[in-house]
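Every value quoted in this text rests on a predicted model; they were computed, and no experiment measured them.
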Amino acid sequence: MTMTADRRLINLRRLAWACVLLMLVVTTASAWLRLAQPRPACFDWPACRGADRPAAAANAPALLGAPATLAVVRGTHRATATLVLLVVIAVAALALAKPPRRWAAGRLALTLLVLALALSVLGIVTPGSRAAGVLLGNLLGGLLMLGLSWRLATQLAGWPAASPSLTRWALLGAGLWLAQAALGALSGSGHWSAAPVAHMALALLAGSCSLGVGLGARAQGRRVEGTGLLLLTGLQFALAAGAAGSAAAPAVVLLHNIGAAFGLALMLGLGRSAES
């Protein structure tokens, strides 16, 4: 039985939103596993991460690092990562297999497929590695996949494209949020002693940009994304203060990671122009 164009679009939309939810699970589980690793306490962040400060004894977070909990989170991460790969393949096939082809959705799906395969290879060739490159590859790859999944879902749902000026600012904001995520991960891992200070300094620029993009989105009638960005920006600063005041408590840092993932997704969604 031949699938009609309308039915294909409905299926594409469902698969795209499923990809968003699955990637949210993947990125959250990945952050959970990273934060559950033994790490030194940090009672005076960012000074505690300085190169001139003796390394404190590393402790495994009790809340996130229970063996039974880690087994569930690790299994969930693997299962959802596999499902994401299958969903992305299905989206690409539905979008490009036969007319009417949806080239924009197909290109995004193929980009997601490349990222998913790259992350799979990275996990296979570097099992258990804590190298900075592996850390950043997994983190930024996962965040990009979540953001592009959101962009794909909103595009297929018929959400309007942003104006050229808002698109440029949103893409700049997405780059700043990605840089912030990278610096935050390096801050917690101890790979670069200057990362905490750079993370704090860049937060002012990234926060100002996201506030401007949020206000611009609301002015253009994109109230959901605009309001979401404004709220997330304030929440991120509150969570950052909470993390600094709680010796970088892993649970607070995990919420901070989830907020960064949502913010990046909103930025990439607003970074879609009418031609893309």
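Between the side chains of Arg218 and Thr227, at least one donor-acceptor pair of N or O atoms lies under 3.5 Å. A donor atom on one side chain and an acceptor atom on the other are not found under 3.5 Å apart for Asn138 and Arg34.
Just one of Val25, Val26, Leu24 meets the side chain to side chain contact (heavy atoms under 4.5 Å, CB included) condition when paired with Thr28; it is Leu24. Checking each of Leu22, Val20, Leu112, Thr111 against Met145 for a side chain to side chain contact (heavy atoms under 4.5 Å, CB included) leaves exactly one that passes, namely Leu112.
Leu117 and Met23 fall within a single hydrophobic cluster, where Ile, Leu, Val, Met, Phe, Trp and Tyr side chains are chained together by heavy-atom contacts under 4.5 Å. When hydrophobic clusters are built by joining Ile, Leu, Val, Met, Phe, Trp and Tyr residues whose side-chain heavy atoms come closer than 4.5 Å, directly or via intermediates, Phe262 is not grouped with Leu230. Cluster membership for Leu205 and Leu183, using ILVMFWY side-chain heavy atoms within less than 4.5 angstrom, is shared. Hydrophobic clustering of Ile, Leu, Val, Met, Phe, Trp and Tyr side chains at less than 4.5 Å, counting indirect connections, keeps Leu232 apart from Phe237.
Listed here is the closest heavy atom pair of Ala90 and Leu15: CB-CD1, 3.9 Å. When all heavy atoms are compared, the tightest approach of Cys209 to Leu176 is CB-CD1, 3.9 Å. Taking both residues in full, the closest heavy atoms of Gly226 and Ala217 are given as CA-CB, 3.7 Å, listed atom of the first, atom of the second, then distance. Leu108 approaches Gln155 most closely through the heavy-atom pair CD1-OE1, 3.9 Å. Annotation for Cys19 and Val84: closest pair SG-CG1, 4.3 Å, computed over non-hydrogen atoms. Scanning both residues, Ser210 and Trp177, for their nearest heavy atoms gives CB-NE1, 3.6 Å.
For the pair Leu211/Leu229, no side-chain contact is recorded, criterion being any heavy-atom separation below 4.5 Å from C-beta on. Annotation: side chain of Arg272 is not in contact with side chain of Thr167 (no heavy-atom distance under 4.5 Å). The side-chain heavy atoms of Thr80 and Leu21, taken from C-beta on, include no pair separated by under 4.5 Å. Side-chain contact between Leu178 and Leu264: present, with at least one pair of heavy atoms (C-beta onward) separated by less than 4.5 Å. A heavy-atom distance below 4.5 Å is not found between the side chains of Val91 and Leu113.
Here the CG-CG distance, from Leu148 to Leu268, works out to 5.5 Å after rounding to the nearest 0.5 Å. Atoms CG and CD1, on Leu119 and Ile124 in that order, are 11.0 Å from each other to the nearest 0.5 Å. The CG atom of Leu9 sits 6.5 Å away from the CG atom of Leu156 when rounded to the nearest 0.5 Å. Rounding to the nearest 0.5 Å places CG of Leu12 at 8.0 Å from CG of Leu152. Taking OG1 from Thr27 and CH2 from Trp32, the interatomic distance works out to 13.5 Å, rounded to the nearest 0.5 Å. Annotation: the span from Leu115 atom CG to Leu143 atom CG amounts to 11.5 Å, rounded to 0.5 Å.
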Given Leu266 and Val224, is the side chain to side chain contact (heavy atoms under 4.5 Å, CB included) satisfied, shown in steps?
-> CA-CA 9 Å; Leu266 291 174; Val224 172; 5.9 Å; no

Could you walk me through whether Trp169 and Leu270 pass the side chain to side chain contact (heavy atoms under 4.5 Å, CB included) test, one step at a time?
-> CA-CA 9 Å; Trp169 282 106; Leu270 288 168; over 6 Å; no

For Leu136 and Leu186, what are the C-alpha separation, side-chain angles and deciding distance, and is it a side chain to side chain contact (heavy atoms under 4.5 Å, CB included)?
-> CA-CA 8 Å; Leu136 293 180; Leu186 292 175; 4.2 Å; yes

Step-by-step side chain to side chain contact (heavy atoms under 4.5 Å, CB included) determination, Val121 to Val125 = CA-CA 6 Å; Val121 171; Val125 301; 4.2 Å; yes

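For the pair Gln180 (side chain) and His199 (backbone), a donor-acceptor distance under 3.5 Å is present. At distances below 3.5 Å, at least one donor-acceptor pair connects side-chain atoms of Gln236 with backbone N or O atoms of His256. A side-chain donor-acceptor contact under 3.5 Å links Arg222 to the backbone of Pro160. Side chain of Arg8 to backbone of Leu94: a donor-acceptor contact under 3.5 angstrom is found.
Listed by chain and number, the hydrophobic cluster partners of Leu231 come to none, as no ILVMFWY side chain reaches under 4.5 Å of it.
The neighbour count for Arg101 CZ, taken as heavy atoms of other residues, nucleotides or ligands under 6.0 Å away, is above 12.
Using bins of under 30°, 30° to 60° and over 60° for the plane-to-plane angle, the ring pair Trp159/Trp17 lands in the tilted bin.
Partners of Ser208 according to the side-chain contact (heavy atoms from CB on, under 4.5 Å) rule, which considers only residues two or more places apart in sequence or in another chain, do not exist here.
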